[in-house]
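Data block below; observations after.
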Amino acid sequence: MRRKLAAGNWKMNGTGVALNELKELSASHPSSPVEILICPPATLLHRAGNTVEGSGITVGGQDCHAATSGAHTGDLSAEMLLDAGADAVILGHSERREDHGEQNEDIRAKARTAMDAGLKAIVCVGESLEQREAANTLDIIGGQMSGSIPDQATGENLIVAYEPIWAIGTGKVPTLEEIGEVHDFIRARLERRFGEGVGRSVRLLYGGSVKPSNAAEIFGVSNVDGALVGGASLKAQDFSGIIRALEKA
């Protein structure tokens with residue numbers, strides 16, 4: 001049985017005062033049947049881990065380097081994230097693919113390193129509006145999965161997040177049928193590549209303008225095991241609404 005997951009990606013937002021939101025979130029969800037993960041900026045990672053210590057909330061990173069160490073100024077290794085208290089790391093987010101030119105092979109190398117270090121790799125896939133309108137969505141998702149997910153993936157170390165690029169931060173959301181089509185496709189591809197056991201155990205998240213007002217209907221879609229939430233995860237009250245919807249799903 002896959003445990004549902006509500007993951008918050010704070011992106012490049014938050015200073016020390018934002019930890020008050022984590023305190024409020026911890027108080028609101030002292031124990032939850034769903035897994036709750038917050039991925040703050042690296043500057044807050046260690047302090048965020050201390051803030052939620054003893055609660056059911058875990059913390060993660062937003063990226064890592066493919067190398068374990070070396071002359072890579074400004075980068076962080078998977079082992080550094082683990083040492084700072086991370087349980088997981090987001091990899092291949094569309095903003096990394098677009099802003100930093102990351103390719104599938106780059107993300108695959110990072111995911112391999114993250115898994116080897118003991119982190120869960122949240123590998124993001126998603127199509128642009130042009131690709132969606134050209135009916136190329138499944139081809140794009142399939143290619144990203146084949147290129148970005150390493151061979152040692154299991155249900156314990158891999159999470160796949162479907163984030164249509166055109167829905168991130170725009171307020172636009174695919175129809176429930178469109179979300180279901182992609183999630184069912186991802187599940188089938190995982191089962192075909194890794195076998196039914198692993199394929200069925202990997203959690204699939206939806207991301208892209210998830211809010212308390214639309215979370216319940218999204219969580220009712222086939223093969224949606226939770227959400228990777230951006231802006232709505234910055235405020236405890238908003239994220240709590242999404243968590244509660246997931247708990248009821």
Side-chain angles (χ1 to χ4, degrees), residues 1-11 22 25-26 31-72 74-93 96 100 102 104-125 144-161 186 190 193-195 197-205 207 225-229 233:
M1 192 71 179
R2 299 184 301 271
R3 187 182 181 195
K4 297 183 182 296
L5 169 62
N9 177 15
W10 282 13
K11 306 187 180 183
L22 269 186
L25 192 69
S26 298
S31 61
S32 175
V34 307
E35 184 178 347
I36 303 170
L37 171 73
I38 294 291
C39 297
T43 53
L44 292 179
L45 181 57
H46 184 66
R47 282 181 286 171
N50 288 338
T51 299
V52 300
E53 188 173 6
S55 74
I57 301 173
T58 57
V59 297
Q62 297 180 15
D63 183 49
C64 71
H65 198 279
T68 56
S69 63
H72 305 288
D75 284 311
L76 298 172
S77 72
E79 290 183 353
M80 290 174 178
L81 295 178
L82 188 71
D83 182 63
D87 182 65
V89 59
I90 300 169
L91 298 170
H93 192 281
R96 296 290 309 181
H100 298 270
E102 293 186 1
N104 290 332
E105 55 267 26
D106 300 316
I107 296 152
R108 186 186 188 102
K110 291 182 176 187
R112 185 183 301 116
T113 299
M115 292 173 178
D116 288 345
L119 294 174
K120 299 182 183 76
I122 303 175
V123 175
C124 301
V125 297
Q144 290 173 338
M145 290 179 64
S146 296
S148 301
I149 298 174
D151 292 335
Q152 71 260 48
T154 68
E156 288 71 44
N157 64 21
L158 174 67
I159 298 162
V160 178
I186 292 173
L190 288 170
R193 178 175 171 187
F194 297 105
V198 170
R200 291 180 180 177
S201 63
V202 175
R203 290 176 288 181
L204 309 184
L205 309 182
D225 300 312
L228 179 57
V229 183
S233 70

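Computed over heavy atoms, backbone and side chain alike; hydrogens, waters and symmetry mates excluded. Index from 1, following the sequence.
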Practice item. Start with the C-alpha distance between Leu25 and Ile38, add both sets of side-chain angles, then the distance that settles side-chain contact (heavy atoms from CB on, under 4.5 Å), and finish with yes or no. Key: CA-CA 10 Å; Leu25 192 69; Ile38 294 291; 4.1 Å; yes
Point to revise | Verdict with reasoning, Ile122 to Leu37, per side-chain contact (heavy atoms from CB on, under 4.5 Å) | key: CA-CA 11 Å; Ile122 303 175; Leu37 171 73; 3.6 Å; yes
Practice item. Give the intermediate values and the outcome of side-chain contact (heavy atoms from CB on, under 4.5 Å) for residues Leu158 and Ile149. Key: CA-CA 8 Å; Leu158 174 67; Ile149 298 174; 3.8 Å; yes
Distance-only criterion, 3.5 Å: show the donor-acceptor pairs between side-chain atoms of residues 81-92 and protein atoms not counting sequence neighbours.
residue: Asp87; atom: OD1; partner: Lys120; partner atom: NZ; Å: 3.3
residue: Asp87; atom: OD2; partner: Lys120; partner atom: NZ; Å: 2.7

What side-chain donor-acceptor pairs closer than 3.5 Å can you find for residues 58-68, not counting sequence neighbours?
residue: Thr58; atom: OG1; partner: Ile36; partner atom: O; Å: 3.4
residue: Gln62; atom: NE2; partner: Lys11; partner atom: O; Å: 2.9
residue: Gln62; atom: NE2; partner: Cys39; partner atom: O; Å: 3.1
residue: Gln62; atom: NE2; partner: Pro40; partner atom: O; Å: 3.2
residue: Asp63; atom: OD1; partner: Lys110; partner atom: NZ; Å: 2.9
residue: Asp63; atom: OD2; partner: Arg96; partner atom: NH2; Å: 3.1
residue: Asp63; atom: OD2; partner: Lys110; partner atom: NZ; Å: 3.2
residue: His65; atom: ND1; partner: Ala67; partner atom: N; Å: 2.8
residue: His65; atom: NE2; partner: His72; partner atom: ND1; Å: 3.3

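Not counting sequence neighbours, Asp75 has no partner by the side-chain hydrogen bond (donor to acceptor under 3.5 Å, both in side chains) test. The side-chain hydrogen bond (donor to acceptor under 3.5 Å, both in side chains) search around Ser233 returns none, not counting sequence neighbours. A search for side-chain hydrogen bond (donor to acceptor under 3.5 Å, both in side chains) contacts involving Asn157 returns Thr154, not counting sequence neighbours. For Ser32, the side-chain hydrogen bond (donor to acceptor under 3.5 Å, both in side chains) partners two or more places apart in sequence, or in a different chain, are Glu247.
Expressed to the nearest 0.5 Å, how far CZ of Arg2 lies from CZ of Arg200 amounts to 9.5 Å. Remark: Asp116 CG to Arg112 CZ distance equals 8.0 Å, nearest 0.5 Å. Of the inter-residue distances, the one linking Leu45 atom CG with Leu76 atom CG reads 9.0 Å to the nearest 0.5 angstrom.
Ile107 pairs in a side chain to side chain contact (heavy atoms under 4.5 Å, CB included) with only one of the listed residues (Cys124, Pro150, Ser148), which is Ser148.
Considering only heavy atoms from C-beta on, Leu204 comes within 4.5 Å of Leu190 through its side chain.
Sorted by first and then second residue, the pairs that involve residues 33-59 and meet salt bridge (Lys or Arg N to Asp or Glu O under 4.0 Å), not counting sequence neighbours, are Glu35-Arg203. Identified under the salt bridge (Lys or Arg N to Asp or Glu O under 4.0 Å) test for residues 145-160, with sequence neighbours left out: Arg108-Asp151, Asp151-Arg193.
For the residue pair Gly155 and Ser201, the shortest heavy atom distance occurs at CA-OG, 3.2 Å.
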